[in-house]
Colleague: 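Okay, here's the structure, questions in a sec.
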Amino acid sequence: MRHKSEETMERIKNAVEEFYFANHRSPSISEIASEVGCAKSTVHSYLWEMDKSGMLSYNGKTVE
């Protein structure tokens, strides 16, 4: 498995937080991908990795 970029993880985390505070709901993978400028599959992979490392909570459907 390729190493995940710390910078991309931080961008995803910030995008999730900003979206949640602005919209009072968790963003979809599509919304995160659009904000970060990555493919949905890349965001999905990062979300699972970030969940494992404790950066955020992702259950396959929602990000918290």
Side-chain angles (χ1 to χ4, degrees):
M1 180 186 294
R2 295 179 65 191
H3 176 71
K4 302 290 188 216
S5 164
E6 295 292 326
E7 179 184 337
T8 302
M9 285 187 193
E10 194 63 33
R11 287 176 34 222
I12 289 172
K13 182 180 174 204
N14 290 338
V16 169
E17 289 174 348
E18 290 173 13
F19 186 94
Y20 185 82
F21 289 122
N23 299 286
H24 307 289
R25 67 174 176 85
S26 295
S28 68
I29 289 180
S30 296
E31 290 165 329
I32 298 168
S34 176
E35 181 64 30
V36 176
C38 293
K40 291 188 294 185
S41 60
T42 301
V43 171
H44 186 259
S45 175
Y46 269 86
L47 289 174
W48 280 119
E49 187 67 29
M50 293 167 74
D51 179 69
K52 282 196 267 183
S53 70
M55 282 185 82
L56 50 73
S57 177
Y58 179 61
N59 66 11
K61 293 183 181 183
T62 57
V63 182
E64 296 177 7

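Source: prediction; values computed, not measured.
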Colleague: Can you list every side chain to side chain donor-acceptor pair (under 3.5 Å) pair that touches residues 18-27, not counting sequence neighbours?
Modeller: R25-E31
Colleague: Can you sort out the partners of T8 under side chain to side chain donor-acceptor pair (under 3.5 Å), two or more places apart, ordered by chain and number?
Modeller: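 With neighbours one apart ignored, the set is S5.
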Colleague: Which distance, rounded to the nearest 0.5 Å, do you find between the OH of Y46 and the NZ of K4?
Modeller: 6.0 Å
Colleague: Tell me the closest heavy-atom pair linking V43 and C38, and the distance in Å.
Modeller: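 For V43 versus C38, the nearest heavy atoms are CG2-CB, 4.0 Å.
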Colleague: Under the side chain to side chain donor-acceptor pair (under 3.5 Å) test, which residues partner E35, sequence neighbours left out?
Modeller: none
Colleague: I need the T42 OG1 to H44 NE2 distance, nearest 0.5 Å.
Modeller: 11.5 Å
Colleague: Salt bridge (Lys or Arg N to Asp or Glu O under 4.0 Å): which pairs involve residues 38-47, sequence neighbours left out?
Modeller: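 Of all non-adjacent pairs touching residues 38-47, none passes salt bridge (Lys or Arg N to Asp or Glu O under 4.0 Å).
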Colleague: Sequence neighbours excluded, which residues qualify as ring pair (Phe, Tyr, Trp, His ring centres under 6.0 Å) partners of F19?
Modeller: none
Colleague: Please round to the nearest 0.5 Å and tell me the distance separating atom CD1 of I29 and atom OG of S34.
Modeller: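 It is 13.5 Å, given to the nearest 0.5 Å.
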Colleague: What residues, two or more places apart in sequence or in another chain, satisfy side chain to side chain donor-acceptor pair (under 3.5 Å) together with N59?
Modeller: T62
Colleague: Going by heavy atoms in the side chains, are V63 and S57 under 4.5 Å from each other?
Modeller: no
Colleague: Taking all heavy atoms of L47 and all of I32, pick out the closest pair and write down the distance.
Modeller: CD1-CD1, 4.2 Å
Colleague: Going by atom type alone, with no hydrogens or angles, which donor-acceptor pairs under 3.5 Å involve a side-chain atom of residues 10-17 and a protein atom two or more places apart or on another chain?
Modeller:
residue, atom, partner, partner atom, Å
R11, NH2, V36, O, 2.3
N14, ND2, E10, O, 3.3

